Amino acid sequence: MNSTEVILQADKIQKIFPSKEGDVRAVDGVNLDLISGEVFGLVGESGCGKSTLSRLLLRLLDSSGGSIKFKGEDITGFDKKQLKMLRRQMSLVFQDPHTSLNPRMTIYDNLARPFKVHNLAEGREEITVEIVRLLKSMGLQAEHMIRYPHELSGGQKQRVVVARALAVDPEVVFLDEPTSALDVSVQAKILKLLAKIKDEKDLTYFFISHDINLIRVISDRIGVMYLGRMVEQGEVAGMFKEPMHPYTRGLFSSVPEPTPARKLDSVLMGEVPSPVNPPSGCHFHPRCPEKMAICEQESPVFNYRQGRKVACHLYNLD
Amino acid sequence: MEDTLTYEEIKKDIDNLKQEKTSQLALVWSRFKRNKLALIGGIIVLIMVLIAIFAPVLAPHDPYRTAPLRRLEAPSFEHPLGTDAMGRDMLSRLIYGARVELSIGILIILFEGTIGITLGLLAGYFGGWVDSVIMRLVDILRSFPVIILAMAIAGVLGQGVYNVVIALGIVGWTTFARMVRSKILSIKESDYVEAARSIGESTPSIIIRYILPNAVSTAIIMVCIMMPTALIASATLSFLGLGVQPPIASWGSIISAGRDYLLQAPWISTTAGLFIMFTVLGFNFIGDGLRDAFDPTADRS
Amino acid sequence: MNKKFLLNRFGRTLLTLVGVSIIAFMILHLAPGDPARIMLGQFATEENIEIFREQHHLNEPLPVQYGAWITGVMQGNFGYSIRYNRPVHELIWTRMWPTLTLTVSALVLAVILGFTLGILAAIKRNSWLDYITTIQAMFWISIPAFWLGILFLYFFGLRLRWFPIGGMAGLASLVLPVFALGLREEAWFARPMRSEMLEVLNQAYIRSARARGIKERVIITKHALRNALIPLVTMIALRLPWIIGGSVVIEVVFAWGGMGSLLVNSVLARDFPVVQAILLLISFAVVMANLFADLLYSVIDPRIRLED
Amino acid sequence: MMSPILDINDLYLSFSTEEGELEAINGLNLEVEQGKIHGLIGETGCGKSVTGRTVLGLFDSNTMIKGGEILYNGDDLLSKTQHELQRDYRGNEIAMIFQDPGSSLNPVFKIEDQLDEVLRIYQPGKKAERRKKMIAALNAVKLPDPERLLKKYPHQLSGGMKQRVMIALNLACQPSLLIADEPTTALDVSIQAQFINVLKELQKEIDITILYITHDMAVVSEICDQVSVMYAGRIVEDVSMEDLFNKPVHPYSKLLVSSVLGPETNIDNLVEISGSVPRLINPPPGCRFHPRCEHMKPECKEEPPVLKEVAPGHQVACFKEDLS
């Protein structure tokens with residue numbers, strides 16, 4: 001990663017879903033810079049808004065506030081035609097390979113759609129050659145083309161899903177828990193494949209996972225989300241060496257480590273509150289071991305502290 | 001691992017493979033075949049359809065020729081199912097009745113299927129006020145018992161085949177609409193539709209390539225499930241004197257006519273009813289079989 | 001469930017009722033031609049038709065006519081029957097009780113029989129009892145109500161002479177119509193009950209209750225049944241229009257003097273004030289039953305019960 | 001050494017499916033010692049959950065037991081009728097927690113009713129006494145505000161709370177053996193950590209034996225004393241938790257250990273396992289791991305290897321010569 005060009009930038013981005021019990025602030029003012037060529041890992045527990053954030057950045061969901069810039073251009077106001085162009089530049093890999101391919105289309109048809117939609121290849125011959133090339137680069141065979149999704153294993157399907165995301169030759173690929181539905185032995189293969197492709201094609205990855213060990217392996221930088229807000233963001237090595245936000249600290253120490261000698265010690269207490277009526281001020285204050293008076297009243301700003309971005313009042317004092 | 005295959009080479013390999021491949025339809029058919037009841041249903045319906053198509057060939061007599069001297073004759077070699085109160089051959093009337101009943105059934109399904117599937121699709125895909133308006137209309141129409149509203153409508157419109165179709169179709173489409181809508185809603189939420197949007201597919205393309213093909217199974221099952229209702233309801237209207245009118249041979253009106261001679265000629269009402277029962281049973285068996293064949297996980301523990 | 005949900009639900013009910021009344025009213029105007037002529041028949045004189053028009057506000061615009069009709073309805077005035085020349089509400093009042101007796105008895109029979117068979121079939125899955133339940137249900141739903149009625153009438157009335165063949169002479173005359181109506185409906189409860197019960201018995205909480213060593217009898221009667229019955233409540237409301245529809249035909253077959261036979265006669269005689277009134281009353285009952293089922297559902301299912 | 005509380009010998013079990021007979025468990029041998037937390041680890045479809053349920057006789061209708069015995073304190077559970085299992089073993093001797101906390105509690109009954117039902121069977125007493133025990137049971141699993149919790153329905157609880165209620169519910173039966181089938185798989189890491197700590201503490205306190213079924217090596221390292229590694233219906237290695245991580249012997253165990261993501265793992269030294277888990281309809285003959293094994297020898301295709309002791313408390317099923 002030699003350049004520091006920001007390819008995707010989110011500024012105070014918000015998403016509010018109306019629900020029976022009240023408004024849910026799924027994403028609540030998140031700032032984010034995605035640097036070209038990096039793997040950005042996003043972690044957080046279920047319901048923290050990480051999937052919603054990715055859909056907002058991809059413009060698959062309309063944001064309720066804030067701005068998103070792709071290569072310096074605000075994409076929140078894009079019209080249909082511009083969005084179609086954007087779809088060629090950013091693509092998405094889903095969590096569950098069993099549900100993300102059209103079950104009534106063969107693998108060929110599933111993979112041919114991106115080429116046809118964007119006129120990337122003409123005629124059956126050219127498309128077929130392209131698809132076989134894609135399949136081979138994913139470690140699949142030409143014969144898989146004529147299969148239906150239900151005839152493939154989970155790992156094979158996930159390769160097809162990755163292939164579809166790459167068919168448009170994108171610059172940024174969003175990976176939403178791409179290996180969590182797979183077994184460990186398959187997971188390693190997909191991760192290696194993703195890393196290889198990234199180097200070959202010079203891609204930028206936005207990698208979402210609840211598996212902290214996994215994020216640590218694959219990311220250059222990581223961001224931690226809690227209840228719709230980004231609480232900490234920084235280089236992967238530094239983050240794990242010295243997590244600054246109390247939530248990050250608690251989360252990381254909850255991770256079971258496969259070293260027989262180390263045992264879980266300081267774990268987070270309590271549970272994630274409902275996003276309908278989140279706690280005032282810093283959302284984390286009811287569970288925070290280092291809570292101060294100000295935490296209940298004011299939301300901490302997300303800003304640089306010691307080479308890292310943290311949203312915590314602890315680091316506001318100095 | 002650079003790719004050097006040409007299209008011709010790929011095509012050769014693939015064509016060889018295609019020979020061995022079983023399609024999804026074949027899979028559904030093999031599951032359907034294993035279901036004995038469904039197969040029996042299929043045979044019954046097939047027989048009924050053939051009877052309807054070849055009625056002029058199969059019927060031993062003219063179903064409309066009356067013979068006042070031979071009324072209410074018991075089954076005999078000449079009249080295998082006896083004669084009715086006007087001396088007409090019962091078997092021939094029942095065979096021609098198959099024509100009438102099945103065509104009415106098919107027309108009703110076409111009528112309510114077209115309206116119901118279209119509106120269900122609109123409501124499910126677009127949601128919002130379109131959905132609200134359509135679903136309120138469905139709510140309202142479903143507050144009437146089908147047969148009662150159909151009676152009233154048929155009463156106003158007057159008797160006749162097409163009025164039966166209209167009267168029953170006006171209520172019947174709501175079932176199609178509801179089922180199609182809920183299927184569409186679940187497809188719309190699926191990952192593969194979001195995937196389609198993420199690669200830049202347009203709305204019409206998503207509907208045609210992703211949503212409709214996945215809703216087809218629901219529509220096919222619906223047709224088989226709705227057919228029995230249509231057949232029974234149209235026969236009921238004819239029975240009440242609000243549907244197909246004599247002398248046209250319909251099973252419902254034959255039963256109605258036979259009612260007055262139950263003691264002297266019980267075969268009139270009973271045989272006509274058996275025809276209805278077997279046809280409906282056939283469709284019910286098929287409907288059940290198709291549901292299991294399309295969705296094998298539904299009833300598996 | 002909260003206040004907003006309740007208000008929403010009541011709002012929908014009200015909207016449905018308005019829609020239903022509009023349809024009941026519009027029935028008469030559906031046909032091409034003059035409603036007055038449709039009702040009085042082709043031999044009526046111009047003069048009579050004009051008088052009739054005046055009486056029934058037929059010269060006014062449709063919304064005004066509807067307004068006049070619905071205001072009357074709300075005061076219990078459904079107009080005059082042309083055929084009987086009596087107020088419609090009087091006619092209906094006397095005919096309502098026989099219909100209620102018939103439908104409620106049939107419903108009770110169907111529910112008791114259907115639930116029992118469905119539960120037993122689910123517990124004894126793949127046994128002869130299960131197959132018989134499935135097959136008999138298939139047969140019942142494939143038989144038109146009027147034909148079943150005729151068969152009953154022929155065998156048990158005319159041949160065996162166990163029961164009267166028609167009319168409303170005491171309890172004995174109720175048996176055949178109730179069974180003709182209720183047995184068919186039983187199938188619509190047995191099958192859902194069976195599949196609901198099977199689904200519940202497959203749930204993790206049943207397995208986990210078994211793992212705790214709770215007796216099988218307790219698991220079925222307490223843990224499983226309680227859950228399986230919840231969706232069946234809605235089923236009863238959903239079947240209500242069909243039972244009422246079936247009762248119309250059964251009433252005709254057995255010469256049962258209820259609303260059903262009144263409706264058929266009125267439709268055939270083009271006595272539309274009566275038809276409109278019956279349509280309105282029946283759909284009103286259905287809408288209310290649905291509302292009741294929804295509310296009941298939220299009482300018996302803690303997952304949607306009002307939070308404290 | 002004490003005699004094992006649970007001793008499964010040569011268990012064979014199949015499912016009949018649309019495509020044929022699925023040989024889910026194929027000569028399984030497993031000994032669980034009294035007072036230990038014994039891990040049973042394997043990938044999806046290896047038969048670990050089926051093993052757990054089979055101990056309690058909780059079968060699906062398409063299950064066929066083909067042979068073997070399951071000895072619980074010397075009694076063969078497979079020879080018992082469902083009624084005997086219910087009366088003598090389920091709950092009072094062996095209890096079980098399942099994977100999905102969301103659906104393991106009956107949605108229409110309050111926590112109070114579900115706990116009380118169990119107490120009335122296993123710890124009968126006056127109502128006030130039972131209530132005290134209920135509150136104690138919830139306190140024992142560190143659930144806050146037990147008084148209010150008792151009045152709640154399952155859907156009002158979070159996944160982590162439900163799973164802790166499940167522990168309370170099962171321990172109220174006072175069993176000697178608890179089978180936990182992937183109890184934390186559906187939970188977030190922080191909730192998982194809370195759960196594991198609660199379970200570990202309780203185990204020490206009441207001296208219960210736990211058979212902990214999981215696919216997660218990291219969780220094994222946190223909670224287990226002894227571990228059995230399962231592959232395609234058989235135990236391939238039975239080893240203490242420390243030795244599993246420090247000196248695994250079976251080629252499959254080695255791969256599992258090396259595929260674990262740790263602090264030192266990066267994308268370059270990430271270990272790939274070649275091939276994939278075999279389908280158990282017409283599985284490979286002999287040792288079912290042989291198609292993926294780098295030490296494959298001719299005899300591996302012939303006969304499945306049996307478990308051999310390579311060190312005290314360490315058994316391996318492999319034909320490899322150097323078993324250390």
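Naming convention: chains lettered A, B, ... in sequence-line order (proteins, then strands); numbering from 1 in each chain. Nothing here was measured: the structure is a model prediction, and the numbers come from that model.
Taking the side chain as every heavy atom from C-beta outward, B/M277 and C/F139 approach each other to under 4.5 Å. No side-chain heavy atom of B/I232 sits under 4.5 Å from any side-chain heavy atom of C/F146. Using a 4.5 Å heavy-atom cutoff, the side chains of C/V286 and B/F144 are not in contact.
In terms of heavy-atom pairs under 4.5 angstrom with chain C, the leader among B/I148, B/I153, B/L240 is B/I148. Most heavy-atom pairs under 4.5 Å with chain C: of the set B/L242, B/L274, B/L37, B/L262, this distinction falls to B/L262. Ranked by heavy-atom pairs under 4.5 Å with chain C, the list B/I276, B/T236, B/T279 is led by B/T236. Most heavy-atom pairs under 4.5 Å with chain C: of the set B/A235, B/A154, B/P228, B/S256, this distinction falls to B/A235. Among C/A285, C/A289, C/P144, the residue making the largest number of heavy-atom pairs under 4.5 Å with chain B is C/P144. No other option in C/L238, C/L263, C/L15, C/L17 has as many heavy-atom pairs under 4.5 Å with chain B as C/L263. Among the candidates C/I278, C/I22, C/V267, the residue making the largest number of heavy-atom pairs closer than 4.5 Å to chain B is C/V267. Among the candidates C/L240, C/V287, C/V252, the residue making the largest number of heavy-atom pairs closer than 4.5 Å to chain B is C/V252.
In this structure, CG on B/D139 lies 8.0 Å from CG on C/N290, to the nearest 0.5 angstrom. Distance check, rounded to the nearest 0.5 Å: OG of C/S142 to CZ of B/F283 gives 11.5 Å. Atom CD1 of residue C/I23 and atom CG of residue B/L141 lie 4.5 Å apart, to the nearest 0.5 angstrom. Note that CE of C/M138 is 3.5 Å distant from CG of B/D288, once rounded to the nearest 0.5 Å. The distance from atom OG of C/S283 to atom CZ of B/R142, rounded to the nearest 0.5 Å, is 14.5 Å. To the nearest 0.5 angstrom, C/L158 atom CG is 4.5 Å from B/L263 atom CG.
Contact of C/R191 with chain B is made through the side chain alone, with heavy-atom distances under 4.5 Å. When heavy atoms are compared at a cutoff of 4.5 Å, C/I135 approaches chain B solely by way of its side chain, counted from C-beta outward. For C/V253, the parts sitting under 4.5 Å from any heavy atom of chain B are the backbone and the side chain alike. At a 4.5 Å heavy-atom cutoff, the contact between B/L149 and chain C is made by backbone and side-chain atoms alike. Within the 4.5 angstrom heavy-atom criterion, atoms from both the backbone and the side chain of C/I143 approach chain B. With a 4.5 angstrom heavy-atom cutoff, C/V275 touches chain B only via side-chain atoms. Contact of B/I147 with chain C is made through the side chain alone, with heavy-atom distances under 4.5 Å. Heavy atoms closer than 4.5 Å to chain B are found in the side chain of C/V248, but not in its backbone. Contact annotation for B/F285: both backbone and side-chain heavy atoms come within less than 4.5 Å of a heavy atom of chain C.
Closest approach of C/L279 and B/A152 over heavy atoms only: CD1-CB, 3.9 Å. Of all the heavy atoms in C/P241 and B/P145, the pair that sits closest is O-CB, 3.1 Å.
Atom OH of C/Y66 sits in a crowded spot, with more than 12 heavy atoms from other residues, nucleotides or ligands closer than 6.0 Å. Around CZ of C/R270, the count of heavy atoms belonging to other residues, nucleotides or ligands within 6.0 Å exceeds 12. In C/M235, the CE atom is crowded: over 12 heavy atoms of neighbouring residues, nucleotides or ligands sit closer than 6.0 Å. Annotation: C/F25, atom CZ; neighbour count of heavy atoms from other residues, nucleotides and ligands within 6.0 Å is above 12.
In this structure, C/W147 contributes its side chain and B/I255 its backbone to no donor-acceptor pair below 3.5 Å.
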